[in-house]
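Numbers restart at 1 for each chain; the letters A, B, ... are given by sequence-line order, proteins then strands.
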Amino acid sequence: MTRYLCKRLAGCVAVFLAALCLNFLLPRLVPGNPIQDLTSGVGSVAVALDPEAMAVISRYYGLDRPLLDQFRSSLAGMLQGDLGYSIQYRAAVSGLLWERFPWTLLLTLTSLALSFSAALLLGTRGGLRDGTQWSVLAPAVLLESIPAFVLGSMLLVFLGVHAGLFPLGGGSTPFSALTGTRKLLDLAHHAALPVLVLAASSFFSFYLVVRSSTAMVRNEPYVVMAHLKGLPERTIRTRYILRTALLPVVTFFGMRLAYSAGGAILVEVVFGYPGIGRLTYEAVLGHDYALLQGCFLTFTLWVLSVNLLTDCLYAILDPRVKEA
Amino acid sequence: MKASNPDPRGNEVFSFLRTAMIDGPKPSRQAVFGRWLPIFVGGVILMLFPGCMETGDGAQPASSRNGGAAPLELRLPGGDWGLPTPYSFYPRGPGYVHLSLVYDTLTWKDETGTIPWLAERWEASPDGLTWVFHLRSGVRWQDGVPFTSRDVRFTFEYLRRHPVEWFPVERIDRVEIPDEATAVFHLKAPYAPFLGRIAGNVVIFPEHIWRDVSNPRGAPCRELAVGTGPYRLAGYDKAQGAYEYEANPHFFLGPPRITKIRFVPAPDPVAALEAGAVDQASIPASLLPRFRDKGRFQVKAGPSFWVLALQMNRARFPFSEPAARHALAHAIDLRTLVERAVPGGLEGAKPASPGFIPPDSPWVDPSWQDLYPFDPARTRNLLQSLGITIPEGSRVAIGPDGSPMTFTLVTTQAYLREAEMLKGWLGDVGFALEIKSLDMKAVDSAMHEGRFDLAISGHGGLGGDPSAIMGFGALKEGAWSAQAPASPEFREAAMAMQRAVDPEERMRLACRMQQLYAEELPALPLYYTVSLIAYRPEVFRGWFFTAEGGIAIGVPMVLNKVAFIRGE
């Protein structure tokens, strides 16, 4: 098992190093640069900067140095916990990420927990029975096929604007004096629609995996043998069927969890949710190199740690992995 | 799939599942839903509940917020534009608007033009090198310390040491303060747009707070947001882009009538306006009938000082030839373009003038508006004069060297309709266009680096002083905007306009620049968009569009602090 985990860990480190290089290069490959963006005539009024002023600002932010030199400084800063300075936000990148990450975490974990629980509940029931659960499948297919941002916009219009049941944006009521339970309720009220949209868009895949996995395992010879031995139904379901059926589900959950942070970008933009997804979107628009690197680094660490965690969990659940 | 024998030690992993879902023999559908439905419904109620309870900050009706009497509180669409201090605001129009609520400038503008602000009067020397400002007495910073001319001198000296791109102070040689109520600016060279671009734009910040700040671009803190302005920053939520401003009771013109302004998160400001979460929002022209016909909203239209133009690469044939650029101008029907391509048609935009300056600018010379009427026959003649002909049986023209007149037109997704219409018109005169849709920044970048044939791109700021407009005027002595006319005469006129102090002479030069622009036609202006706002008149009806091109250097937004101070 230790060997297995060491191998996985080494893989993660290699991927991390490669990702660091890509994170540095990708934003710089996009046409334009953050200084040019400062004086861009596109969008709201900007100042007209002459080439000399642009050169001065470029020098101030160290963007005139050779790329390798910039990469070296970026790595050195990262080792000291300094992720650079966001030109667009006029603030340290690490501070911005710390501020925004918990919001994304709240959104993605809640939505995954919701869709995962619903899929487990309905998927296992479906898998243990013959026939198709159209009452679940039909709406699930529909929700899966509607892009999350379209579904989000629809909910926002009907439930937010017309019905007035939900706030139209943000993560909480700004400058309110709410505390304790009321604060929590306020957070839940603001997160409700984005969580529902994210949960709806991931439910179908979860449901299918759980259902097919359960259906496959329930016909395995050892399950039939358990029935023949006269074991209680409850024992057969929990110890024989569900436990084995959950192995691919755990892997799939890991994959969805890793994907979820990136998947929340558009939903955060639609709902004006103050998470890291919206921050990334804005950083892309503003060509904010340091901020983009910081966001990408967060996603990289998120994906790698979730994958590693999934591998560990898999090793615990499946003895064959340990033996390997 | 071959499953292994399950490990009984992992039971605790599934304990929650056992109890939650599959405990007991085949639970019936009713049983499962009977168990879970209350939890689900409870969860939904929990999420909805805050909407029903009094949060102390919910979207209350305007009448209850303002007691149905004099307006007191405004809610506006938010967005993060930085902490409103001179070194942490984002250098864009909305960022400056936030800054202007907390800080003041020497002069300001309302709907009539430039008005006294921190300075109650001023005069310039005949040579334009010296500007004397007589400051208002009794002005105090928001922390109670008196404002004096020392703060003015400090601001400009500090800005020279720590430049901010929005504040062009490099033209100032020195600031003298003969007494506490007078500031004398000595310029290195005459700079006619001084009032608009410096006195009415550079915010004055307090010496007693900033003198010990050695790194103003370091971590910004709220304690630095102290100005003389009508509003005090009471709250700032960077992550949500929310601001709360409270009226400064000691403001030098008296307490502002609007006592509180809140910028709240509103990813879709129009939806937020409809839902009552904000009291005013910009609306697209396509939604004009919807808001105009609803009694609870009023709509106001004003200039946006924004132009969409067809950029032509003057380094490539045939666009290097003025006759070819004129030919293109004759081939395009601007009025039809606006009617068919712009949402809202002629209510959403106005056909542009080849002289570049929009009709709402006080500097406009309307005589160039119809210089290039829609006339395809004339286009063909002009092209023939350059040796560009359409061979028999072909739809694509060929140049004097036999090369086909096929070009790429780059634009963004937003202007594909305009691009398609241009493709049709230019196709009729033998120019075959391939439209390439790129990201906004990629179009900007392609133009910046000269990697394009034709491009459709737009920009704002046209309301400012013509001698300093992006793509039209001169940026600085020796520095030239790549999109402006290249002729030495135009450049001299722009530089002369920056130096000239006499208003009549300045107007003459502005007209001359428009004439030269229209004749050289480095780019073909297509249309100027119209800025539209919808608002709730029962909350606040004092919105106006600022004269002389917009707030400060030309921010065409209605969020002018003068409106909030008056509170009509």
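- For Phe305(B), no part lies near chain A; criterion is any non-hydrogen pair under 4.5 Å.
- Put simply, the side chain of Ser172(A) reaches to within 4.5 Å of the side chain of Gln240(B), judged on heavy atoms.
- For Glu165(B) and Arg90(A), the salt-bridge test passes: some basic side-chain N is under 4.0 Å from an acidic carboxylate O.
- Annotation for Asn215(B) and Tyr60(A): closest pair OD1-OH, 4.3 Å, computed over non-hydrogen atoms.
- Across Leu168(A) and Ala271(B), no two heavy atoms sit closer than the pair CD1-O, 3.6 Å.
- Most heavy-atom pairs under 4.5 Å with chain B, from the set Gly95(A), Pro274(A), Ser153(A), Gly272(A): that is Pro274(A).
- Within the 4.5 angstrom heavy-atom criterion, only backbone atoms of Phe89(B) (N, CA, C, O) approach chain A.
- Every salt bridge (charged side-chain N to carboxylate O under 4.0 Å, His left out) that Arg451(B) has, sequence neighbours left out, goes to Glu449(B).
- Under the salt bridge (charged side-chain N to carboxylate O under 4.0 Å, His left out) criterion, Arg100(A) pairs with no residue at all, not counting sequence neighbours.
- Options Val157(A), Leu96(A), Val161(A) differ in how many heavy-atom pairs under 4.5 Å they form with chain B, and the most are formed by Val161(A).
- Residues Ala242(B) and Pro174(A) share a closest heavy-atom pair of CB-CB, 3.6 Å.
- Residue Tyr273(A) does not touch chain B at all, counting heavy-atom pairs closer than 4.5 Å.
- Between Asp268(B) atom CG and Leu156(A) atom CG the span is 7.0 Å, to the nearest 0.5 Å.
- Proximity to chain B (any heavy atom under 4.5 Å) is restricted, for Val270(A), to the backbone atoms N, CA, C and O.
- In this structure, the separation between OH on Tyr89(A) and OH on Tyr90(B) is 6.0 Å, given to the nearest 0.5 Å.
- Ranking His162(A), Gln88(A), Glu282(A) against chain B, the residue ahead of the rest is Gln88(A), based on heavy-atom pairs under 4.5 Å.
- Top candidate by heavy-atom pairs under 4.5 Å with chain A, chosen from Pro265(B), Ala239(B), Pro163(B), Gly78(B), is Ala239(B).
- Neither the backbone nor the side chain of Ala266(B) has a heavy atom closer than 4.5 Å to any heavy atom of chain A.
- For OH of Tyr281(A), the number of neighbouring non-hydrogen atoms (other residues, nucleotides, ligands) closer than 6.0 Å is 12 at most.
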